[in-house]
Amino acid sequence: MGRTREAGCVAAGVVIGAGACYCVYRLTWGRDENEKIWDDDDEDDEEESSDIVETWIENGKGAKANAGMGSEARLQGDSKVKAEVGMVLESGSDVKAEVHLGPQSGGGLEAKAKALFSTLKEQASAKAGRGARLGTISGNRTLAPSLPCPGGRGGGCHPTRSGARAGSRASGKNKGRTRGKSTRTPATAWPVRRGKFNFPYKIDDILGAPDLQKVLNILERSNDPFIQEIALVTLGNNAAYSFNQNAIRELGGLPIIAKLIKTKDLIIREKAYNALNNLSVNAENQGKIKTYISQVCDDTMICRLDSAVQMAGLRLLTNMTVTNHYQHLLSYSFPDFFALLFLGNYFTKIQIMKLIINFTENPAMTRELVSCKVPSELISLFNKEWDREILLNILTLFENINDNIKSEGLASSKKEFSRSSLFFLFKESGVCIKKIKALANHNDLVVKVKVLKVLTKL
């Protein structure tokens with residue numbers, strides 16, 4: 001009975017060991033197959049596993065039933081064990097270890113079974129380890145932070161889907177953990193302009209000459225748009241004070257600031273216009289800025305309609321034409337000014353009318369002004385639907401031109417002007433005068449007084 005019991009225990013141990021090996025296989029290497037093949041082969045694996053389990057159970061019972069037949073039973077049990085081990089080795093993919101068991105004593109058979117179990121476990125663990133390392137390399141692929149995204153500015157950058165899926169397939173973790181922790185890298189954003197330079201002053205600080213010199217040096221030497229913007233805003237705020245307007249000019253700051261009106265960066269150009277605008281209040285500064293006024297005018301006319309940089313350019317041109325000294329430098333742009341007056345939005349209309357009014361206050365500019373071509377739709381500015389500021393400005397413009405035509409004696413030379421000229425629109429067509437008379441009943445008292453003043457001069 002001792003030999004029989006020993007043979008039965010050995011057979012049961014081999015059954016348990018093989019079953020454990022199969023479980024290790026299913027939990028490790030079996031997960032390396034892709035999901036589609038896994039689903040397709042799932043039924044085949046279940047049929048094979050059920051056949052193997054049934055075979056092991058039948059063989060185990062056969063070993064126990066024949067345990068009392070002595071050495072012959074042991075030889076039969078050894079041969080059955082060898083056959084069963086061969087079946088397990090054939091069902092496990094990529095496991096190529098060959099084990100040959102001969103008719104030995106019970107102790108030798110038990111040692112062989114333990115050796116088989118250890119060999120299968122080591123091979124499964126080694127392959128699982130290789131799969132995990134592959135998943136770490138392929139699944140955690142990232143983009144270099146210095147490279148721009150291949151998409152648009154708003155587009156994100158991700159590794160390819162095949163690379164991410166390859167990492168999840170090759171990893172030795174189970175399916176639930178793979179889905180819980182994604183291997184994709186987050187979208188790489190486009191670089192945002194950040195200032196790493198610690199600017200020594202606040203933009204609203206009132207600086208003296210030594211500090212202004214430092215800011216001008218920073219502005220001249222730096223190519224960083226962020227630093228340039230801060231320096232220009234600081235200089236523009238200080239240029240609002242008369243004592244600093246002289247200091248910046250004496251420190252050679254005007255050419256440094258004016259150099260930046262040529263930049264393609266619209267924000268920098270706008271800040272440069274604003275700084276020059278505050279500096280242009282000083283008469284001596286205007287003598288320096290006049291060198292750049294034609295370029296400012298051209299850039300202002302061709303930039304985007306109603307943009308911030310266009311408004312900043314118009315404010316600078318308005319300040320430069322307050323006096324009569326430099327108005328002749330802009331006379332070639334009169335048709336553009338009137339076209340912008342018609343096309344611009346409310347704020348652009350207000351600013352361009354202030355600019356044109358500066359020209360109308362100089363009688364020497366009247367002939368060039370009234371002879372330029374203007375859109376006939378300009379007459380729509382005399383409609384009562386406009387608010388007070390628009391109406392007061394357009395009435396002032398008409399009043400000044402009418403006075404200058406009389407003072408310069410241009411009424412007698414009306415044949416010199418074409419039907420598309422400002423002279424014909426304001427004086428000869430008669431439409432403008434009808435529009436002004438219609439405003440005499442305007443609800444706004446200030447507008448009504450202005451209309452009556454204009455009508456008395458006709």
Side-chain angles (χ1 to χ4, degrees), residues 153 191-197 199 203 212-240 244-322 325-337 339-340 343-344 348 351-352 355 358:
R153 176 174 290 268
V192 181
R193 188 158 75 183
R194 292 283 185 262
K196 296 181 180 179
F197 177 75
F199 198 75
I203 59 176
L212 289 173
Q213 182 67 68
K214 292 180 181 179
V215 176
L216 288 171
N217 291 339
I218 292 172
L219 179 61
E220 185 176 18
R221 297 173 184 175
S222 176
N223 293 323
D224 185 354
F226 183 82
I227 298 174
Q228 290 176 343
E229 182 180 352
I230 296 177
L232 286 172
V233 173
T234 303
L235 291 171
N237 289 340
N238 279 269
N244 277 337
Q245 293 169 2
N246 293 323
I248 292 174
R249 182 187 69 255
E250 293 169 358
L251 292 172
L254 288 176
I256 297 174
I257 298 172
K259 181 179 66 175
L260 295 175
I261 66 176
K262 301 177 182 179
T263 182
K264 295 181 180 180
D265 192 321
L266 297 181
I267 296 177
I268 300 301
R269 194 191 304 175
E270 177 197 352
K271 304 307 179 187
Y273 285 165
N274 290 338
L276 291 175
N277 181 42
N278 288 344
L279 289 168
S280 65
V281 177
N282 185 288
E284 294 184 37
N285 288 343
Q286 283 192 359
K288 302 288 185 180
I289 299 174
K290 70 177 182 179
T291 308
Y292 316 102
I293 190 172
S294 296
Q295 182 181 350
V296 173
C297 182
D298 295 340
D299 293 342
T300 301
M301 293 299 106
I302 64 175
C303 68
R304 186 169 60 86
L305 183 65
D306 303 328
S307 62
V309 65
Q310 186 177 66
M311 289 296 296
L314 289 175
R315 286 193 294 268
L316 175 57
L317 295 177
T318 303
N319 267 359
M320 289 295 296
T321 54
V322 169
H325 302 300
Y326 312 111
Q327 290 181 354
H328 64 280
L329 299 175
L330 300 178
S331 60
Y332 70 94
S333 297
F334 284 158
D336 297 328
F337 292 158
L340 191 60
L343 297 173
T348 302
Q351 193 61 50
I352 199 70
L355 174 60
N358 287 344

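Nearest heavy-atom pair across Gly287 and Lys290 is O-CG, 3.3 Å. Between Ala239 and Ile248, the closest heavy-atom pair is CB-CD1, 4.2 Å. The shortest heavy-atom contact between Phe199 and Ala231 is CZ-CA, 3.9 Å. Taking every heavy atom of both residues into account, Ser280 and Leu316 meet most closely at OG-CD1, 4.0 Å.
Not a single ring-ring contact (aromatic ring centres under 6.0 Å, His included) links Phe337 to another residue, sequence neighbours left out.
Separating the OG1 atom in Thr300 from the CG atom in Leu340 is a distance of 9.5 Å, to the nearest 0.5 Å. Taking CG of Leu260 as the start and CD of Glu229 as the end, the distance is 11.5 Å to the nearest 0.5 Å. Once rounded to the nearest 0.5 Å, the distance linking CD1 of Ile230 with NZ of Lys271 reads 11.0 Å. In this structure, CD1 in Ile256 is found 9.0 Å from CG in Leu235, a value given to the nearest 0.5 Å. Rounded to the nearest 0.5 Å, atoms CG (Asn244) and CG (Leu212) are 5.0 Å apart. Atom CG of Asp299 and atom OH of Tyr273 lie 4.5 Å apart (nearest 0.5 Å).
Side chain of Gln327 to main chain of Asn358: a donor-acceptor pair is present (N/O by atom type, distance under 3.5 Å, no hydrogens or angles). No side-chain donor-acceptor contact under 3.5 Å links Glu284 to the backbone of Gln245. In this structure, the side chain of Gln310 engages the main chain of Asp306 through a donor-acceptor pair within 3.5 Å.
Among the candidates Leu232, Asn274, Ile289, the single residue satisfying the side chain to side chain contact (heavy atoms under 4.5 Å, CB included) test with Ile257 is Leu232.
Annotation: side chain of Ile267 is not in contact with side chain of Val309 (no heavy-atom distance under 4.5 Å).
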Without placing hydrogens or testing angles, list every side-chain donor-acceptor pair under 3.5 Å for residues 214-223, not counting sequence neighbours.
from: Asn217; atom 1: OD1; to: Gln213; atom 2: NE2; distance (Å): 3.1
from: Asn217; atom 1: ND2; to: Gln213; atom 2: O; distance (Å): 3.2
from: Ser222; atom 1: OG; to: Asp224; atom 2: N; distance (Å): 3.1

